[in-house]
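Report on the structure given below.
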Amino acid sequence: MIGGGLLHYWVVIALMMTGLYTMIARQNLVKKIMGLNIFQVSVILFYVSLGKVAGGTAPILKELAPGEPAPLYSNPLPHVLMLTAIVVGVAVTALGLALVVRIRAAYGTVEEDALRKLDEEERAERSTGGGA
Amino acid sequence: MTHLPVLQIALPLIAAPLCVLLRHARAVQIFAVLVAWACLGIALALLGAALPGGAISYELGGWPAPLGIEYRVDLANAFVLVVVSALGAVVLPIGPGRRGHAVPPRREYLFYASFLLCMAGLMGVAITGDIFNVFVFLEISSLAAYTLIALGRQRQALRAAFSYLMMGTIGGTFVLIGIGFLYQMTGTLNMADLQRLLPAVQQSRSVHAAFAFLTVGIGIKLAVFPLHQWLPNAYSFAPPAVSAFLASTATKVAYYLLVRLAFGVFGTAYVFGALGLGALLLPLALLAMFVGALAAIYQSDLKRLLAYSSVSQIGYMILGLSFGTATGLTGGLVHIANHALTKGGLFLAVACIVAQTGSSALSDLRGLSRRMPWTFAAIAIGGLGLIGAPGTAGFVSKWYLVLAALSAGRPEVAFAVLLSSLLAGIYVWRVLEAAWFRDPVQSAPRGEAPLRILIPTWVLIGASLYFGVFTEWTAGIAEAAARQLLEGAP
Amino acid sequence: MSAISALPPGTLLIAGALLLPLLRGAALKAWLLALPLLSFAHQLQAPEAGPPLQFFGLELVLLRADPLALAFGVVFHLAALIAALYALQLQDRMQHAAGLLYAGAAIAALFAGDLITLFIFWEFTALASVLLIWARRSERARHAGLRYLVVQVGSGVLLLAGAALHYRATGSLAFGALAPQSPGGALILLAFGVKAAFPLLHNWLQDAYPEATVTGTVFLSAFTTKLAIYALARGFAGTELLIPIGVTMTFFPIFYAVVENDMRRVLAYSLNNQLGYMVVGIGVGTPLALSGTVAHAFSHIIYKSLLFMAMGAVLLRVGRIGASQLGGLYRSMPWTTAFCIVGAVSISGLPLFSGFISKSLILSAAAEQHHTVAWAMLIIASAGVLKHSGIKIPYFAFFAHDSGLRVREAPLPMLIAMGAAATACLVIGVWPQLLYDILPHPVNYEPYTAAHVIGQLQLLLFAALAFALLLRFRIYPPELRATNLDTDWLYRRALPAAIRAAARAQRRLRAAAQTRAARLGHALIAWLRRHHTPPGLLGEPWSAGATALWAALLLAASLLLFYLRTAAAG
Amino acid sequence: MQQHSGNGGNGEQGAGGGLDSRRAGDWAIRLLCAACLLVLLLDGLLHLFHAKHGHFAAENWFGFYGAAGALSICGIVLGGRWLRRLVMRDEDYYERD
C-alpha cells in the first residue's frame with residue numbers, strides 16, 4: 001500500500017533517536033519535554049508516510065467529469081488518526097510544562113541533577129532528624 | 001440495555017467536565033461517587049451479559065466494524081471492567097485526603113474530575129475492540145494519572161509525576177508505533193479483523209517489530225521489570241486514594257491489554273510458539289518477583305514498601321502469562337482481581353495511618369497497632385494475602401501459578417514462587433513487627449482512623465478474604481475467560 | 001448435627017476460641033474446660049470418612065477418621081484438656097485463644113485425608129503456636145518466636161511444594177503412604193522432618209520452647225512435634241532411613257542435656273531425644289513398632305507436659321529456671337515436687353509408670369527385626385533419659401543444695417492439672433491394656449515379665465548409682481549459666497556474619513571496579529554516569545532516561561529474539 | 001521411687017538436715033548400693049531358676065543391664081564435659097553486638 005524507498009524510515013528513525021537521546025542526556029526538564037516532542041513527531045511522520053500513496057492526491061472528493069478516471073487518493077485514515085495523536089501530544093506537553101512550572105515553584109530549579117541533590121539532602125536531613 | 005457498553009465509558013467521560021462545572025466540593029464529591037457506583041452497576045450488568053460465554057459487540061455511532069469503532073465485551077474484559085469500576089467506587093469516596101494535601105478544598109472538584117477521567121480511560125482500554133482507540137484511552141488514563149499523582153502533599157510528588165509522564169509517554173508512543181506497523185501490514189485497526197488478517201502476514205518482520213514495540217510499550221505501563229522505575233515514586237508520593245486506585249487498577253489494565261494482544265490478536269501459537277515470548281518474559285518475571293520483594297524489604301516507608309511489593313506481584317502476573325497456558329493465564333487473570341483487592345486495601349490502610357499520623361514511615365508506625373487495631377488488623381490480613389497464605393485471595397492466585405509452573409514442567413519455577421513468598425513474609429513482617437512489638441512514639445495519634453476511610457479499607461480486605469475461600473466469582477470467571485481467550489474468540 | 005460431624009474434630013476448638021472475647025469470669029473458665037470435652041465428644045461420633053470437598057477441581061477430604069488418627073486424637077484432646085486446666089488461672093485471653101486454636105488446628109490436621117488440608121492446618125498450627133511464644137512479650141521471646149515461625153512456615157512451604165510434585169507424579173493428593181525416593185515424597189519427608197526436629201533440623205525446638213510462656217510451653221510440647229510424628233507414621237512407616245535418623249535423635253541431645261542450665265531447655269532436648277524413639281519405631285515399621293510409636297507418643301505427651309508444667313510452676317513462682325539458680329524447693333513446693341518426680345520416673349521408664357510400657361514396645365520391635373546397633377544405642381539412650389530428665393530435672397530444681405528460696409506452692413488449677421497428668425501416667429503404667437486397646441494395631445505384648453522388670457530396674461538403678469557417685473566425686477560438670485552453641489549458631493551467628501562479610505566484599509569490589517573504570521577511562525561508563533546515572537536495582541528510580549534506555553534494550557532484545565526464533569523456524 | 005528423692009550429693013551448705021544436705025546424699029548412695037545389690041541378686045535368681053530368652057545373646061549375660069546403665073552414664077557425663085569445652089559461650093552470647 002505504500003510506495004517509495006526507505007528514506008522516510010531513516011528520517012523517522014533519526015528523529016526518534018534524536019528525541020530519545022535528548023530525553024536521556026539533557027538534565028533540563030524543559031529540554032526533556034522538547035525531546036519527548038521530537039520523539040512523538042517522528043511517530044506522527046511515520047504514520048503520515050504510511051498513508052502516502054505514490055502519485056496520490058489529497059483525498060478530497062470532487063465531481064468527476066464523465067469519462068474522467070477516478071484520481072488516486074492518498075489513504076486518509078492515518079492522517080486522521082494523527083490528528084488524535086497530535087492532540088494527545090499537545091496534552092502531554094501541556095501537562096508536562098505545567099508540572100515543570102510547579103516543580104520550579106517548589107524547588108527553585110528545573111535541572112534534574114539539582115533536583116536530585118535537593119531531594120537527597122532533604123531525605124538525609126529527615127533520617128538524621130528522625131534518628132536523634 | 002443495548003447501550004450499556006458505550007454508557008460504561010461515556011458516563012464518567014461526560015461526568016468529568018460536569019464536575020468542573022459543578023465546582024462545589026461536597027456536591028461534586030457526591031456526584032462523582034454516584035457516577036462511580038453507576039459505572040460499577042453497568043460493569044456488573046455487562047459481566048452478567050457476558051457470562052453465558054458470547055461477546056457483546058457495540059458499534060459506535062452505528063458504523064459497523066471494521067470501519068467504525070467497535071466496543072466488544074467478553075468475559076475477560078468484563079472481568080477487568082468490574083475490577084476497575086469496583087475499585088473506583090470503593091476508593092473514590094475517600095477523596096484527595098485532608099491533612100496538609102496539595103489540593104485546597106475549593107479546587108477539590110479537579111481531583112474528582114481527574115479521577116473519573118482516569119477511570120474512563122482505564123475502562124476504555126478494556127472495553128474497546130479498536131486498537132487505535134486503545135492508544136487513545138491509554139493516554140487519557142495516563143494523563144489523568146499524572147495529574148492525580150502530582151496532587152501528593154510532598155514536592156517529590158511533582159517529580160514523580162514528571163518522571164512518570166516521560167516514561168509513560170515513551171511507552172504510549174511505543175504502542176503507537178506498534179499499531180502503525182500493524183496497520184501498515186493489514187490495513188485495519190479492528191482487533192477482531194486483525195486477528196483474522198494477521199496469520200497471512202505474520203512471517204514479516206514488520207509484524208515482529210509491531211509485537212516487540214507493543215510488548216515493550218505496554219511493558220512500561222505495566223511496570224515490568226526493568227521498566228518499573230516510575231512505579232515506586234509514583235505510588236509512594238501520590239495521595240493515598242490515588243495510590244490505592246492506581247496500584248490496584250492501572251497496571252492490571254495494562255496486563256489485560258498485553259494478554260488481549262498476545263492471545264486475542266496475535267494468537268497463542270504465534271506469540272508463544274513462533275516468537276517464544278515466554279523465554280523473554282519468564283526471566284523478567286522471576287527477576288521482578290525477587291528484586292521487587294528484596295527492594296521492598298529494604299524500604300523504610302510503608303507506601304514505598306507496598307509499591308515495590310507491587311513490582312514483585314506484577315512479576316507473578318507476568319509469570320502466569322509467560323507459560324502461555326490456560327492455567328497460567330487463569331493465575332494471572334485471577335491475580336488481577338485478588339491483587340487489586342489486597343493491594344487496594346493495603347494502600348487504603350496506609351491512608352488510614354496517614355490520616356491519623358501524617359506519615360507512613362515505618363519508624364512512625366511503632367506501637368500503632370494498639371491505637372489503631374482495626375487498621376493494623378487490615379494490614380495483617382492484607383499482608384498475609386501478599387504472602388499468599390491460605391484463606392486469603394493471594395493463595396488462590398499462587399495456587400494457580402504453582403500449578404501452571406508444575407504442569408509446564410518447571411518445578412524450579414514453582415519453587416521460586418514459594419521462595420519469593422518467603423521474601424514477602426519478611427517485608428510484611430517488618431511492618432507488623434514495627435506496629436505490634438515496638439513501644440509507641442510519644443506523638444502517636446489518639447485513636448482509630450475515621451470510618452470514612454476505614455470502611456472502604458475493610459470492604460476491600462473483607463472481599464480479599466471472601467474471595468480467598470469462595471472462588472467461583474474470581475477464579476471461576478478467570479478460568480472461563482482464559483479458556484475463551486485461548487480458544488481464540490476475541 | 002450431620003453438618004458438624006462432616007467437619008474434622010478440632011474445628012470445634014477453633015470455632016470455640018472465637019467466642020472467647022465474649023466471655024469473662026467463671027463462664028470463660030467453664031468454657032475453656034468444656035471445649036476440649038465437647039471436641040472429644042465430637043471426635044467420638046465422627047464418621048469414618050467425611051464427604052469429599054471440591055476445591056479448585058481437587059478433591060479434598062477434610063475428615064478421615066481411621067484408628068491411627070483416632071488414637072492421636074484421644075491423647076491430643078487429653079493434652080488440650082490438661083493444658084487448658086493448667087492455664088486456667090491465666091488472665092491473658094490471647095493466650096487462651098492461641099492455645100485453643102493451636103490444639104484445634106493440630107487435632108484437625110490429624111484427620112486430614114489429603115495433603116492440601118494437611119498443609120492448611122499444618123501452617124495454622126505454626127501461626128497459632130507462635131502466639132504462645134510471643135505472649136511472653138519479651139525481646140528474647142520475640143526474636144525466638146520469629147525464628148520459630150520462619151522454620152515452621154518454611155516446613156509448610158516444603159510440604160506444599162512436595163504435595164504439588166507428588167500430585168504431578170501420581171495425580172493424587174491423598175495422604176497415605178508416600179515414596180521417600182520420589183522428589184515429592186522427599187520434600188514432604190523433609191517438611192515432616194523439620195517439624196519432627198530431625199538432627200540438624202532440630203534446633204528451632206530448643207530455641208523456641210524455653211522462650212514461650214509458662215503455660216504456652218505445655219501446649220507447645222504436646223502438639224507440634226507429635227503432629228509430625230503422626231504424619232511420619234502415616235506417610236513413611238517402614239522407611240529404613242528413619243532408623244539411623246531416629247537413633248541419632250535419641251543420642252545427641254543427651255549430651256546437650258548434661259551441660260544445659262535452663263531446665264526448660266533441658267526438657268526440650270529431652271523431648272528431642274524422646275522423638276527419636278518414635279522415629280525409630282516408624283522406621284522399623286512393623287505393626288508392633290508402629291503401635292509402640294503411637295503408645296510412646298501417647299505416654300510421652302502426658303509425662304512431658306507434666307514435666308513442663310512442673311518447671312513452669314517453678315518459673316512462675318521463682319521467676320528463674322536455671323539449674324544453678326534453683327535448689328531445695330521441695331520444702332516450699334512439695335506437691336509440685338511429687339508430681340515432677342512422677343513425671344521423671346515415667347519418662348525414665350520405671351516399671352509401673354507409663355514410659356515403661358510404651359518404650360519397651362519400640363525396643364522389642366527393634367530387637368525382633370534385629371536392628372542390633374539401633375537397639376544398643378537405644379539402651380544407652382535410655383540410661384541417658386534417666387540422667388537428664390529422670391534425675392537432673394527434679395534433683396537440681398527441688399533438691400541439690402538449698403538455694404534459700406522460699407516461695408508459695410503452685411496455684412491450685414496448676415496442681416490439679418499436674419495431678420491429673422501424674423494420675424494418667426500411673427494408670428497407664430499399671431493397666432497398660434487401657435492404652436494398648438486404642439492403638440491402631442492390636443497389641444499382644446506383656447511388659448511385666450520378671451526378666452523385663454528386673455532388667456529395666458537394673459539399668460535404672462545402676463545408672464542412678466553411677467550418677468550419684470559422679471556427682472559425689474565432683475566429676476559431674478557443675479551447672480553454669482551459659483549459652484551452648486547448637487545448629488542455631490549457623491543462622492544466628494554464621495549467616496549474619498557471612499552476609500556482612502559479603503556486603504563488605506561487595507562494597508570493596510565495587511569501589512575497586514569504579515577506580516579501575518576511572519583509571520582505564522572507560523568512556524562509556526563515564527558517559528552513562530554523567531548523563532543519567534542509571535539507578536541501581538534498589539536505588540532511587542527517578543530518571544526517565546534510564547527507563548528509555550531499558551526500553552530500547554528490551555526492544556532490541558525482543559526483536560533479536562523474535563527474528564532469531566522465526567529465522568530458525570523458517 | 002525412693003532413689004530419686006534421696007539423690008542429694010554435692011550440697012554446698014551440707015550442714016542442714018534436709019533432703020538437700022550432704023548427709024542425705026551419702027545416705028542416698030548407700031540406699032542405691034543396697035538396691036543395686038538386691039536387683040543383682042534377683043537377676044542371679046532369675047538366671048538360676050528361669051532361663052532368660054532375650055533377642056540378643058548379650059541380654060542374657062548376668063548384670064548386662066546394670067553394666068550398660070552405669071557405663072552409659074559415665075560415657076554421657078564425660079561426653080558432656082567434652083561437649084561443654086566445645087560449645088559453651090557466655091550467657092549473652094547471642095545478645096551481644
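Chain identifiers are assigned alphabetically (A, B, ...) following the order of the sequence lines, protein sequences preceding nucleic acid strands; residue numbering begins at 1 within each chain. All heavy atoms count here, side chains included; hydrogens, waters and symmetry mates do not.
Contacts between B:Leu284 and chain C at a heavy-atom distance below 4.5 Å involve the side chain alone, from C-beta outward. There is no contact between B:Ala414 and chain C, counting heavy-atom distances below 4.5 Å. Looking at C:Phe124, neither its backbone nor its side chain comes within 4.5 Å of chain B, counting heavy atoms on both sides.
C:Leu559 and B:Ala212 get closest at one heavy-atom pair: CD2-CB, 3.6 Å. Shown here for C:Leu561 and B:Gly276, the closest heavy-atom pair between the two residues is CD2-O, 3.4 Å.
Under the 30°/60° scheme for interplanar angles, the aromatic rings of C:Phe562 and B:Phe211 are found to be tilted. Under the 30°/60° scheme for interplanar angles, the aromatic rings of C:Phe119 and B:Phe395 are found to lie parallel.
In this structure the side chain of B:Trp399 reaches within 4.5 angstrom of the side chain of C:Ile116, judged on heavy atoms. Side-chain contact between C:Leu554 and B:Phe225: absent, with no pair of heavy atoms (C-beta onward) separated by less than 4.5 Å. Here the side chains of B:Phe174 and C:Leu555 are in contact, with some heavy-atom distance below 4.5 Å.
Contacts of B:Tyr164 classified as ring pair (Phe, Tyr, Trp, His ring centres under 6.0 Å), with partners at least two apart in sequence or in another chain: B:Tyr146, B:Trp230. Take B:Thr474 and apply the side chain to side chain donor-acceptor pair (under 3.5 Å) test, not counting sequence neighbours, and it matches no residue.
Heavy-atom pairs under 4.5 Å with chain C were tallied for B:Ile426, B:Val224, B:Leu287, B:Leu418; the largest tally goes to B:Leu418. With chain B as the partner, the residue from C:Ala551, C:Ala556, C:Ala557, C:Ala161 showing the most heavy-atom pairs under 4.5 Å is C:Ala551.
Other residues, nucleotides and ligands place no more than 12 heavy atoms under 6.0 Å from the CZ atom of B:Arg205.
Listed by sequence position, C:Arg142, C:Leu146 are the residues of residues 139-147 of chain C in contact with chain B, using a 4.5 angstrom heavy-atom cutoff. Residues of residues 215-223 of chain B having a heavy atom under 4.5 Å from any heavy atom of chain C, listed by number: B:Val216, B:Ile220.
Atoms CZ and CG, from B:Phe415 and C:Leu158 in turn, are 6.5 Å apart once rounded to the nearest 0.5 Å.
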